[in-house]
Structure formats: structure tokens, C-alpha cells
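What follows is a short report on a single structure.
Chain naming here is simple, since letters A, B, ... match the order of the sequence lines and numbering starts at 1 in each. Any value given below was found using the heavy atoms of this structure, including those in side chains, with hydrogens, waters and symmetry copies removed.
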Amino acid sequence: MAESQTDESTQTAEPSVSARPIPYRFDPDTDSAALRETYGDIEDGTETGVKATIAGRLMLRRVQGKLAFGTLQDSGGRIQLFAPSKVTPEFDDFCGLSLGDWIGVSGEVMKTRKGELSVKVESWSLLAPTRRPFPDKFHGLSDQDMRYRQRYVDLWVTPESRDVFVTRSRVMSLTRRWLESEHNFIEVETPMFHPIPGGAAARPFTTHHNALDQEFFLRIAPELYLKRLVAGGLERVFEIGRVFRNEGISTRHNPEFTMLELYQAYADYSDIMELVENLVAYLANEIRGTTKLTYDGREMDVAAPWRRASMVDLIEEATGQRVDLTMDRSALEALADRYGVEVKPEYGHGKLILEIYEKAVEPELWGPVFVTDYPVEVSPLSRQHRENPGFTERFEAVVAGRELCNAFTELVDPDDQRARFEDQVRQREAGDDEAMVVDEDYLRALEYGLPPTGGLGIGMDRLVMLLCDVPTIRDVVLFPTLRPEQTD
RNA sequence: GCCCCUGUGGCGCAGUCUGGUUAGCGCAGUGGACUUUUAAUCCAUUGGUCCUGGGUUCGAAUCCCAGCGGGGGUACCA
């Protein structure tokens, strides 16, 4: 809701200050963190003789007649400004600065008698006035909606918020470096506009290209393109990028989110499990300094190796009953019923087993654990298990009670893949609007030959949530999807 | 989709159950005092269609109905 004109004018800073000329550039030579690091230990009440130039936002102000203190916040944190009227030019204007104004300051690094490391304001310039009042200097923003909509304010007044996004950036960077340097992957970029949605079970967004007069789908996964590249001889590829799914919004779902997918020629899902546990342990060590993580008040150790357990074994653990694909359907339905699964007639044994797993096992899993060997029926892109007919070499990792990734030994046989696609089409015709459609070009790529390949998809947003111990995906997405703000 | 909670000056909150006439408090803003403060302090002060629209009532921020926004849960979601 927009404020009225009068509201803004009454809240505007002093004209004498806001009318100051704004320089075109400014040259900070350090920041608050570096100053603390270098001079944090000097004696109370001493001066260093060293001059520093810093810039940031004025967050607090304490004017005391002929002496003023300020608190400047920059990307390194906060540092005090010490401004005696005899030293600071245009002292009255300096005291008239608004909380939230951007300023640049030069002067001697010193420590006050009370022991606060400070920069003496020997010169200063206004870099940008704030024309809107900043939130409460102590309480900050409590309205979550406003934090998400006005991230440019939230980042200043909610330090944890800024920390999360800096960490997120590090996670992305570390992941890339680890894959490239330690594992010889190359990063590629594949289309976001897909003529056929594929690679996942999800409803897509649609869009339209005018010149081609062609409908496109925003990608729900890069999977099929990445495997085309492995068929093309790029043996280890990964992509970190946005995918789009037309689904509900929740604490774990944002319609656009960031996925890491990677494909490794000649590998199978066991290789991928090792890669996942090593990557997560590496990131935990780099980010948290330990593999012993706390999430939502509960602890877990993500050090490799993680437990591996097949879906049917886990079902047996939880329910005491062994399930398989040849058992009597009525017995399977009875078990499904016991756990509140809504049994639909089109469900085969495989789908029922997955549903039972999700209801009976998953809510109790904390992890880290690899849940392996999903039924073929629910895994249209995974290769048949080498020992268990009707199952696939597929796994999901559950960490902190949440699905973190999905991976498998890739299905490389074009005939089998065609049959799976056709089965998906039947499911679609039966009313499942998230079932896949046939991708003839992808089948053509398989016909040219895809070597044995292991593949992986990780939701990077959820990984960051885990590493930062935050409860909602909106806290790790800078601008989460929201209903557009009403302007009038 | 369903259920629960919520909406009061720029920000953080009280007041709502038990309706009562000038809607409070803190911060920010404005004016003043103050040369070691650090959520500075002290004095004074500006600013509010109490989300919107109906209704009940002598009287509604408060009770009722509807709508809109927000949060959480659940369903859905590999």
C-alpha cells in the first residue's frame, strides 16, 4: 500500500542535508571488519595515527552537544564514528543526518575511553540520503511479508538475513569449484524454454514466442538436455540453474528454485551416493566448520558414509511387513489403507509401495540416509535394478527429515525408455497431469548411444536451508514469489 | 482447496475477551539541553480512513457478516 504524498513529505530528511551534492564516486580503502581485525586490540583511549576511509549506512546516531557518535554499517558489520565539533566539518549537518543515510567518512582510527573502536570523522560526504524512514533501529522488521518484498531494507536491519545470503553465495561457489577442480565436471547451460516439458513430474509454466508463434514451457528440469550432452561426449557435466514448477507455495516450495543437476558417464548410482555424501560433508565443513549440524533443534552428522537402505527394507522396518511387486494386491492395499494412503485403481504395486513409504516411513526419517531402489512404475528415467526386477537403481537422500536430492543410474536403453514414456502417456491420459510426455529427440539421442551414466539432482535452496538452519525456503531466496503488491 | 492465527501513525507494540465518547506507549521525525556515547539521556512536540465494505447498537479499533492482504498447518508437491 503506497503512502500518501503528505506522509512522505513529513518524513523526509532535512532539506539542508538532502540537498547536498552527491559525489559520482567514493573511494573507501577498508571496511569495518578489516578495521576490527587490525585495530580491535588497541588500548582504550588511544589514537593510531592511521587514517581510514570507509562507507556505509548510518544506523545509529548519538548527538551530545559538541560531540556526536554514529554507528556506520557496511558489508563487514558495524563500526562507531567519533565526531567532535572541533574536528568534524559541517558538524551541524553531520548531526542532522538521517538514520539510513549512506555516507562516506575519512579520519583517524582510534578507540574511545570507553573502549569502542571508532573512526574520527575528519571529513565526510553524503553518498545517498534516505527519503524514507528506516524501521525501528532496535526491533527492525518483524512483518515477514515486508522483509521479503523490501529485501533492500531487510538486508540492513536483519543481520541473519544478510548472513544467509552471503552463505548461499559461498555454497554455490564452493560447489562449483569442488565439482570442477576435484571431479573434473564442466558447467553447461541448457535451454530454459522447452518445447516439451520433461525430466520431472511437475506441472510447467507456459509461455509463447511471438516470431515462432510457438508455445514453450519453462523448464521443470534440465535433465534430458544434460543427458543429451553426455551422449554428445561431454562426459561430466553439471548445471546450476533455475527451474520452474507450477505448484503451490509453502515453506519448502518456491515456484522457481535452483537445482544442481549433474551427470557422470561410466558411473552408477553407488558412485553418485559417494559424491553426494562427500559434497554435503565438504560443504558442512567449509560453512559450519563441522559435519555435526543442528537443524530445527535436532542434531545430525552428515559425515560420510551415510546409511543406505532400500525402500522395501525401510517399509519392513516401519511396518513389520515385507512388500514386493508380486504380492497379493489386496494385502498391499490393506497395508496402504492402514497408513491412510488414498488407493486409486490406476495405481500399480509400485506406486502403492511408494505411497506406503511416503506415509509410513518418510515422516519418521531424519537421516542422513540414502533411500534406494524405487519401483520402476514411479521412476520413468531410471535404469532397471541389476538384481531386483521391477525396481530401479534410484535413490533419494533424506537429511533433516527432508528430501534433499534425487538420483539414479540413468536409463540408457532407447527401447525401454520409449516404453516408459508410453506408460507415462497412459498415466497422463488416466488423469495424471504431471506425467511425462514422449520426447522423440531425446529417444533419438539414446539411439545414438548413451554410455552407462549416473545422474543427480539437488535442490540447492533446501541445501542452503539445511546448512543455515533456517525453517523456510523464503529465507534463502532473495525475492521469493509473492502475490503482487497492491499499489492502490 | 480446507483449517487455525493475524491486520492499530514510517517501524515495533498495547488496547479487542468484559463496546463508552480526547485510541495509548517506545523508536523514528521536528524544536530545545548536553564533549566519551553506544537501543545515549532529558524536556517539548507533529503525525492515525484502528485493512475494506456492510450490519447490530444511543455509541464500534472492540461484537456480527462478507471481502482483501499476511503468517502457519494440512492437502498437493519425486
Could you check whether A:Ser250 gets within reach of a base, just the sugar-phosphate, or nothing at all, counting any heavy atom under 4.0 Å?
nothing
Strictly below 4.0 Å: does A:Arg149 bring a side-chain N or O up to OP1 or OP2 of B:G70?
yes
Which residue lies toward the 5' end of RNA chain B, A:Thr472 or A:Glu403, if each is placed at its nearest nucleotide?
A:Thr472
Write down the protein N/O and nucleotide N/O pairs, taken from nucleotides 38-43 of chain B, whose separation is under 3.5 Å; answer none if there are no such pairs.
unit_1, atom_1, unit_2, atom_2, d
B:U38, O4', A:Arg62, NE, 2.9
B:U38, O2, A:Gln80, OE1, 3.4
B:U38, O2, A:Glu116, OE1, 3.2
B:U38, N3, A:Glu116, OE1, 3.2
B:A40, OP1, A:Lys137, NZ, 2.5
B:A40, OP2, A:Arg62, NH1, 3.1
B:A40, N6, A:Val63, O, 2.9

Check side-chain hydrogen bond (donor to acceptor under 3.5 Å, both in side chains) between A:Glu247 and all other residues, then give those that pass, not counting sequence neighbours.
none
Residue met sooner reading RNA chain B from 5', once A:Leu67 and A:Leu141 are mapped to nucleotides:
A:Leu141
Touch class at under 4.0 angstrom, heavy-atom based, for A:Pro255 against every strand present
nothing
B:A14 and B:G1: how far apart are their P atoms, nearest whole angstrom?
30 Å
If you count heavy atoms of other groups shown closer than 6.0 angstrom to CD of A:Glu43, is the number above 12?
no
May I ask you to evaluate whether A:Ser98 reaches the phosphate of B:A28, defined as a side-chain N or O under 4.0 Å from OP1 or OP2?
no
What contact category does A:Val157 fall into here, base, sugar-phosphate, or nothing, at under 4.0 angstrom with non-hydrogen atoms?
nothing
Contact class for A:Glu434 vs. all strands (heavy atom < 4.0 Å): base, sugar-phosphate, or nothing?
sugar-phosphate
Does A:Asp461 offer a backbone N or O that forms a donor-acceptor pair with the side chain of A:Thr258 under 3.5 Å?
no
Hey, does A:Phe82 reach any base, or is it just sugar-phosphate, or nothing, if we go heavy atoms under 4.0 Å?
base
Please determine, for B:A44, whether a Watson-Crick or G-U wobble partner exists with both distances under 3.5 Å, and give it or none.
B:U30
Could you check which nucleotide pairs with B:G69 in any of the strands shown, counting Watson-Crick or G-U wobble with both distances under 3.5 Å?
B:U6
Quick one: is B:A78 close enough that its OP1 or OP2 comes under 4.0 Å of any side-chain N or O from A:Arg394?
no
Mind checking if A:Gly45 touches a base, just sugar-phosphate, or nothing, with heavy atoms under 4.0 Å?
nothing
